[in-house]
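Order of listing sets the numbers, starting from 1, for every ligand and every atom in it. No experiment lies behind these values; they were computed from the predicted model shown.
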Amino acid sequence: MAIAYPHYLKSSEKSNLFEQPMVAAAPPSKVVTQDELKKIAAYKAVEFVQSGMVLGLGTGSTAKHAVDRIGELLKTGKLNNIIGIPTSKKTHEQAENLGIPLSDLDTHPIIDMAIDGADEVDPLMNLVKGRGGSLLREKMVETASKKFIVIVDGTKLVDYIGGSGLAMPVEIVPFCWKFTLQRLEMLFTDAGCVGKLRTEGEGGGVAYVTDNGNYIIDLYFDKDIGDLKAASDAILRLAGVVEHGMFIDMATTLIVAGESGVTIRNKETNHGGAEIVPCVLFCSSGFPYPYIGAAGVLLGLSLIYLQKLRPSQLLVQKMDGVRKWKKGPQYLRS
Ligand SMILES: O=C[C@H](O)[C@H](O)[C@H](O)COP(=O)(O)O
């Protein structure tokens with residue numbers, strides 16, 4: 001179905017995003033600015049927010065539109081009973097001014113859905129985030145989210161992480177930051193890595209300090225760094241590093257607003273039906289004993305279910321299960 005841009009700005013209808021593998025909209029009827037594209041992506045994401053949800057509220061110029069829209073829908077009564085978990089002091093302030101009820105991960109360790117922007121998105125929906133400095137809180141909130149919708153304009157799409165030639169941020173402790181910077185560069189000499197301390201103020205003379213009191217080293221690469229999980233492990237093994245801005249295998253849905261329209265893409269699962277083979281073999285080996293056959297079916301179905309979840313989702317669901325099971329005061333230690 002072809003949908004023009006104004007639809008995204010006006011529609012309040014709730015469609016089930018997670019049943020749509022891919023939706024391509026018709027080209028816009030007029031030229032839109034980059035900020036308008038960000039707003040279009042943000043408003044589209046908010047269409048999938050439901051009353052009663054605990055929401056991760058992202059940071060940045062794209063996420064800001066989503067937070068504004070949530071505030072607007074709460075005010076008009078189209079949404080109610082929302083709890084927001086902000087990913088930065090800035091978003092906290094924005095949401096507070098909009099009257100969005102807020103909480104934190106201590107009180108709400110399981111989040112229904114997070115909506116946030118990104119600096120880069122690769123073809124596998126891996127992200128670079130943190131050019132606005134909020135990567136640590138964003139990663140904490142978004143790994144605790146059952147669904148993570150990433151909203152971007154088309155300029156954020158890259159062939160590989162680092163492919164924009166712009167920064168991949170790493171949050172580090174201030175102590176001996178030059179030492180940590182050198183260690184980071186040494187990890188990626190093959191990719192021509194150059195690290196720079198992020199600064200601000202007149203002439204850039206002052207180190208930028210994150211909401212957590214840390215510094216940021218921006219890494220720039222000449223080439224593809226290859227295996228992202230190996231790169232992530234190597235960075236996180238360095239003492240002095242707090243977190244990096246690669247969000248690997250975290251996004252569950254991507255909404256891109258570009259000049260040719262809006263696309264919605266859900267994370268593909270690894271499930272290709274291969275689990276069914278051992279299941280069928282196990283069932284037939286159990287014949288004529290029905291209990292063994294039934295156990296095989298259960299095993300196969302469990303494998304299929306597990307394959308459909310990302311590792312971070314598995315953790316979230318495990319915690320959710322424990323939370324539901326351990327209701328009441330016994331949950332508290334004293
Ligand atoms: O720290 C900032 C966040 O990771 C932002 O979500 C990211 O930088 C994208 O920001 P923007 O929507 O302003 O392009």
Side-chain angles (χ1 to χ4, degrees), residues 32-46 55-70 84-95 111 113-122 125-145 147-158 161-172 196-200 207-220 228 232 235 241-258 262:
V32 286
T33 65
Q34 190 180 8
D35 191 55
E36 283 168 330
L37 291 175
K38 292 178 180 187
K39 188 171 180 178
I40 287 161
Y43 275 41
K44 185 64 193 167
V46 176
L55 286 180
L57 305 176
T59 299
S61 54
T62 317
K64 183 182 178 297
H65 289 302
V67 177
D68 279 341
R69 182 65 171 160
I70 291 163
I85 314 289
T87 53
S88 64
K89 288 182 181 170
K90 200 171 178 184
T91 301
H92 189 286
E93 195 184 323
Q94 183 200 358
I111 296 173
M113 181 191 285
I115 302 175
D116 203 353
D119 301 302
E120 290 186 6
V121 184
D122 82 0
M125 285 167 60
N126 296 313
L127 318 171
V128 168
K129 286 182 56 55
R131 286 185 195 150
S134 308
L135 62 126
L136 176 58
R137 294 190 187 195
E138 289 175 336
K139 198 172 271 189
M140 289 179 73
V141 169
E142 284 145 20
T143 49
S145 301
K147 286 165 184 163
F148 174 24
I149 306 183
V150 176
I151 45 176
V152 291
D153 66 86
T155 62
K156 305 293 183 66
L157 302 182
V158 294
I161 287 302
S164 67
L166 301 174
M168 197 285 277
V170 181
E171 184 157 345
I172 64 160
K196 284 188 182 149
L197 178 72
R198 190 177 297 185
T199 56
E200 61 181 353
Y208 171 86
V209 177
T210 69
D211 283 353
N212 320 296
N214 295 316
Y215 287 177
I216 286 189
I217 300 295
D218 285 317
L219 298 181
Y220 301 85
L228 298 183
S232 165
I235 294 172
V241 165
V242 179
E243 190 50 85
H244 60 72
M246 290 186 288
F247 284 44
I248 305 167
D249 203 20
M250 283 178 56
T252 54
T253 299
L254 172 66
I255 300 182
V256 185
V262 173

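Near R131, with a cut-off below 4.0 Å to any heavy atom, the atoms of ligand 1 are 1 (O), 8 (O). For ligand 1, the atoms lying closer than 4.0 Å to a non-hydrogen atom of D116 are 6 (O).
We find the CD1-CD distance between I216 and E243 to be 11.5 Å, quoted to the nearest 0.5 Å. In this structure, CE in M168 is found 11.5 Å from CG in D119, a value given to the nearest 0.5 Å. Taken to the nearest 0.5 Å, the CD1 atom of I161 stands 4.5 Å off from the CG atom of D122. Considering NZ of K156 and CG of L37, their distance stands at 11.0 Å, rounded to 0.5 Å.
Between the side chains of D153 and T155, a donor-acceptor pair is found at a separation under 3.5 Å.
Between L135 and ligand 1, a contact under 3.5 Å exists for no N or O pair. Looking at G133 next to ligand 1, an N or O pair under 3.5 Å apart turns up. At under 3.5 Å, a nitrogen or oxygen of G132, whether backbone or side chain, sits near a nitrogen or oxygen of ligand 1.
Between the choices S61, A41, G117, S88, the shortest heavy-atom distance to atom 11 (P) of ligand 1 belongs to S61. The residue from D119, I216, L127 that puts a heavy atom closest to atom 8 (O) of ligand 1 is D119.
Atom 1 (O) of ligand 1 has its closest protein heavy atom at S134 N, 2.9 Å. Atom 3 (C) of ligand 1 has E138 OE2, 2.9 Å as its closest protein atom, hydrogens excluded (heavy atom only). Counting protein heavy atoms only, atom 12 (O) of ligand 1 is closest to T62 OG1, 2.6 Å. Looking at atom 5 (C) of ligand 1, its nearest protein heavy atom turns out to be T59 O, 3.1 Å. Atom 14 (O) of ligand 1 has as its closest protein heavy atom K156 NZ, 2.6 Å.
At a threshold of 4.5 Å between non-hydrogen side-chain atoms, the residues E120 and K129 do not count as touching.
Across all non-hydrogen atoms, the minimal contact from I70 to L57 is CD1-CD2, 3.9 Å.
Here V152 has no heavy atoms under 4.0 Å from ligand 1, in either its backbone or its side chain.
One finds a salt bridge joining K64 and D68 here, because a Lys/Arg side-chain nitrogen approaches an Asp/Glu carboxylate oxygen to under 4.0 Å.
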Kindly determine whether I235 and M246 satisfy side-chain contact (heavy atoms from CB on, under 4.5 Å), including the steps that lead there.
CA-CA 10 Å; I235 294 172; M246 290 186 288; 3.9 Å; yes
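At a 4.0 Å cut-off, at least one heavy atom of A118 sits close enough to ligand 1 to count as contact.
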